[in-house]
Amino acid sequence: MIFVLYGRQAAAFSTRMTRTVGVVSRPMATAVDSEATQQQESIAKIPDMDEIVSLCKRRGIIFPSSEIYNGFAGFYDYGPLGAELKKNIKDAWWKNFVTQREDVVGVDSSIIHNPTTWKSSGHLDGFSDPMVDCKETKLRFRADQIFYSPVILEETSERVGYVCVQEGNDETMVKDAKKQAKALLKAKDMKGSKIEAFAFREVVEATEEEMAEIPSPASGKPTLTMPRDFNLMFETRVGAAVDSENIAYLRPETAQGIFINFKNVLGSSRQKIPFGIAQIGKAFRNEITPRNFIFRSREFEQMEVEYFIPPGDDVWPEFHQKWMDDSKDFLVSLGLREDLMGWDVHEGDGLAHYARACTDITFKFPFGEQELMGIAARGNYDLTQHTEGSGKTLDYFDDQTKEKYIPHCIEPSLGVDRLALAIICSAYAEDEIGGEKRNFLKFSPKIAPIKAVVLPLLKNKEALVSTARDIFEKLQARYNVAWDATGAIGRRYRRADEVGVPFCITVDFETIEDDAGVTIRDRDSTEQVRVPLDEVIPYLSKAIDGY
């Protein structure tokens with residue numbers, strides 16, 4: 001893969017075939033209210049990764065794992081708000097793709113399978129990433145996540161050396177490469193010479209001759225080894241003995257647990273093709289270089305469907321497109337910003353040998369545009385492999401056509417943790433209210449960790465507190481809600497805004513003296529409405545659940 005970077009440029013492509021960066025023009029803004037324009041621009045901002053990590057820790061969303069022991073690379077713990085957010089994401093996915101469909105059922109398979117499973121699926125022999133080591137610093141890198149480029153003089157087209165940078169957003173990669181090129185030119189007594197645009201390639205594509213000159217990102221010297229494969233599966237032992245006979249593996253994906261249960265589900269659920277089997281569960285990959293917070297970690301959670309369909313080259317495209325459309329609609333319904341989403345169509349070498357097609361839904365994270373969700377047409381590869389490996393037939397008899405065949409499948413696969421990060425990035429917003437800057441999380445009400453906070457205007461007035469507690473306890477039967485009776489009401493609003501609470505319910509003197517109901521404040525607009533006490537739950541149900 002090759003792509004050219006010229007400096008501070010903007011990428012805006014709805015379909016991302018390669019990582020080519022070009023200059024795009026922005027449409028001229030129409031004349032609207034200036035305050036609304038200011039708010040819109042601030043909300044549309046992509047936050048820095050440091051801001052996201054700091055917010056997540058400060059507000060109890062995500063913590064580094066084992067932090068009191070200085071952490072453990074590639075592992076994270078979800079705090080009170082993060083656990084709720086993650087649960088809500090999984091519940092929304094399950095409701096959308098299982099509960100509300102008649103053609104999809106669920107399973108929950110074990111994390112450890114019979115080891116032959118991974119031999120049949122190809123994971124034992126082929127589930128690896130290319131790895132390089134820095135011989136001087138002993139640091140290890142994924143060879144497809146570091147990029148090199150020749151440094152070529154603009155005037156003479158002479159190559160004077162190489163730069164090598166880690167994968168990141170385009171601006172960061174160019175900045176790091178310029179810094180290295182400047183030092184290189186200075187060392188060669190060519191300070192001030194103009195150079196051509198960087199043409200980055202993955203280090204995995206480098207020849208031995210090039211590797212002898214490519215500097216390590218760690219040492220700045222040509223100290224990298226040639227790329228070699230590194231199997232990503234975690235080994236464990238089953239039973240009391242410690243020998244090669246009881247080696248097992250933590251599953252690197254949830255999909256195989258679906259395939260090996262295909263016959264069980266088919267026989268017990270009375271489903272007929274086309275139908276799907278869904279699963280949410282933990283997976284483990286011994287990543288060479290876990291990075292970018294929870295985007296790439298060693299323990300993560302997946303939400304996958306294997307949707308089984310009849311064979312035939314004229315059959316799968318329609319199902320594939322339908323799952324692409326449904327997947328995008330679901331992500332948008334959770335509050336993902338469409339302007340940060342794109343498509344990446346796998347072609348040629350980027351397509352697995354058994355796959356008919358694969359398209360990723362991408363997301364522009366603070367560290368660059370990356371895969372968020374994959375929708376693959378996998379053919380009948382997996383069921384065929386497990387048929388051969390187990391000696392058990394995993395075919396299907398069609399009552400209507402009287403045909404027997406091994407079904408093909410469409411696989412929409414989505415990581416819970418990546419989606420949580422994309423949702424937080426989409427929700428991160430800033431605006432100005434009454435001349436005061438406000439930072440808040442614009443979570444969709446359906447997945448917000450806390451749906452509402454109940455606020456008695458004064459904590460020392462028994463009538464206010466009693467009425468507020470009654471509302472709070474009734475809401476607890478339906479939703480995760482919070483209670484806050486301390487501080488000025490404006491300060492309490494800001495606390496709720498920062499953690500993404502969609503609604504603030506205030507009990508004031510008009511509530512108890514004039515029977516005027518409560519005020520419900522909307523987080524995004526900050527507008528307040530009066531709602532009678534007996535209509536609070538229906539009001540929130542409509543806003544949160546849609547009915």
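Dense packing is recorded around CG of Asp534, with more than 12 heavy atoms of other residues, nucleotides or ligands lying under 6.0 Å away. Summarising the local packing, NZ of Lys461 is surrounded by 12 or fewer heavy atoms from other residues, nucleotides or ligands at distances under 6.0 Å. Under a cut-off of 6.0 angstrom, the local environment of CG in Asp329 is crowded, with over 12 non-hydrogen atoms contributed by other residues, nucleotides or ligands.
Between Asp77 and Lys57 there is no salt bridge, since no side-chain N of the basic residue sits under 4.0 Å from a carboxylate O of the acidic one. Using a cutoff of 4.0 Å between basic side-chain nitrogens and carboxylate oxygens, Arg142 and Glu167 are not scored as salt-bridged. Checked for salt-bridge contact, Asp91 and Lys87 meet the test: a charged N lies under 4.0 Å from a carboxylate O. Classification of Glu299 and Lys282 as a salt-bridged pair holds, one side-chain N sitting under 4.0 Å from a carboxylate O. Between Glu430 and Lys442 no salt bridge is recorded (no basic side-chain N to carboxylate O distance below 4.0 Å). Salt bridge annotation for Lys86-Asp417: present, with a cationic side-chain nitrogen under 4.0 angstrom from a carboxylate oxygen. We find that Lys446 and Asp545 are not joined by a salt bridge, their nearest charged nitrogen and carboxylate oxygen being 4.0 Å or further apart. Contact check on Arg59 versus Glu498 returns a salt bridge, with a Lys/Arg side-chain nitrogen under 4.0 Å from an Asp/Glu carboxylate oxygen.
Of the residues Arg378, Glu347, His346, His320, the one that meets the side chain to side chain contact (heavy atoms under 4.5 Å, CB included) test with Cys358 is His346.
Checked by atom type, the side-chain pair Gln279/Thr254 shows no donor-acceptor distance below 3.5 Å. Side-chain N/O atoms of Ser109 and Arg251 include a donor and acceptor closer than 3.5 Å. In summary, the side chains of Glu304 and Ser413 do present a donor paired with an acceptor at a separation below 3.5 Å, with no hydrogens or angles considered. Counting only N and O atoms by type, the side chains of Ser121 and Gln256 include no donor and acceptor under 3.5 Å apart. A donor-acceptor contact under 3.5 angstrom links the side chains of Asp522 and Ser525, judged on distance only.
Between Phe259 and Phe262, the gap from one ring centroid to the other reaches at least 6.0 Å. Annotation: Tyr307 is not in aromatic contact with Phe275 [ring centroid separation under 6.0 Å not met]. Aromatic ring centroids of Phe293 and Tyr76 lie under 6.0 Å apart. Side-chain rings of Phe295 and Phe367 approach one another, their centers coming within less than 6.0 Å.
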